Amino acid sequence: MKHHVIAAAVLTAILCLTLLAACGSGEPTLRDFEAIKEGTPRSEVLEKFGEPDSGLSGFFGDIYNCGDQVVVIYYEVDYGSDAATVSKIAVTEQQIKND
């Protein structure tokens with residue numbers, strides 16, 4: 001009986017450590033992007049999420065891949081400037097799956 005309790009405790013500890021490691025993977029989630037509001041400076045977005053996966057052509061914006069979805073953050077004027085502010089955030093399903 002004592003061995004079963006110890007084994008269960010060890011198994012629980014391993015499971016907790018695994019879950020904590022997964023949570024701390026550093027990959028932003030959709031919930032993280034929900035915290036960005038209109039008017040947020042681009043410098044703050046870059047500080048929180050790092051360099052984007054790609055950018056927009058014809059508009060000033062950053063693209064982040066987030067699992068099966070893509071987050072596009074549009075900015076007001078000041079093209080290419082970290083002082084630009086968020087004007088809109090769009091979340092869409094990825095059209096092409098990355099394998």
Side-chain angles (χ1 to χ4, degrees):
M1 173 85 166
K2 186 177 181 182
H3 296 292
H4 293 292
V5 173
I6 292 172
V10 170
L11 213 68
T12 302
I14 291 171
L15 179 62
C16 287
L17 289 173
T18 303
L19 289 173
L20 284 174
C23 291
S25 67
E27 292 296 318
T29 64
L30 288 177
R31 180 170 282 162
D32 295 328
F33 285 105
E34 289 172 358
I36 299 172
K37 302 296 179 205
E38 198 171 303
T40 301
R42 183 173 189 251
S43 58
E44 191 175 314
V45 173
L46 293 174
E47 182 179 309
K48 186 168 185 167
F49 301 109
E51 289 297 316
D53 296 311
S54 59
L56 295 175
S57 177
F59 290 97
F60 180 33
D62 294 327
I63 300 171
Y64 291 90
N65 294 313
C66 187
D68 289 341
Q69 298 184 319
V70 175
V71 177
V72 181
I73 302 173
Y74 296 88
Y75 297 98
E76 294 287 338
V77 293
D78 292 332
Y79 291 96
S81 169
D82 289 349
T85 57
V86 172
S87 65
K88 178 182 171 184
I89 298 173
V91 178
T92 61
E93 295 289 325
Q94 282 197 27
Q95 299 300 310
I96 300 173
K97 301 290 182 191
N98 295 333
D99 292 322

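None of these values were measured; they are calculated from a predicted model. For the numbers below, each heavy atom of this structure counts, side chains included, while hydrogens, waters and symmetry mates do not.
Atom OG1 in T85 sits 15.5 Å away from atom OH in Y74 (nearest 0.5 Å). The structure places OH of Y64 at 14.0 Å from CG of L30, a figure rounded to the nearest 0.5 Å. Here the CD1 atom belonging to I36 is positioned 11.5 Å from the CZ atom belonging to R42, to the nearest 0.5 angstrom.
Ring-plane geometry between F49 and F33 is classed as parallel, the angle between the planes falling under 30 degrees on a 0 to 90 degree scale with a further cut at 60.
Heavy atoms only, all atoms of each residue included: E93 and D68 are closest at OE1-O, 3.5 Å.
With contacts defined as side-chain heavy-atom distances shorter than 4.5 Å, the pair V45/Y75 qualifies.
For residues 29-41, no pair satisfies salt bridge (charged side-chain N to carboxylate O under 4.0 Å, His left out), with sequence neighbours left out.
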Quick one: side chains of residues 50-58, donor-acceptor pairs under 3.5 Å with protein atoms, not counting sequence neighbours, listed by atom name and distance.
| unit_1 | atom_1 | unit_2 | atom_2 | d |
| --- | --- | --- | --- | --- |
| D53 | OD2 | N65 | N | 2.6 |

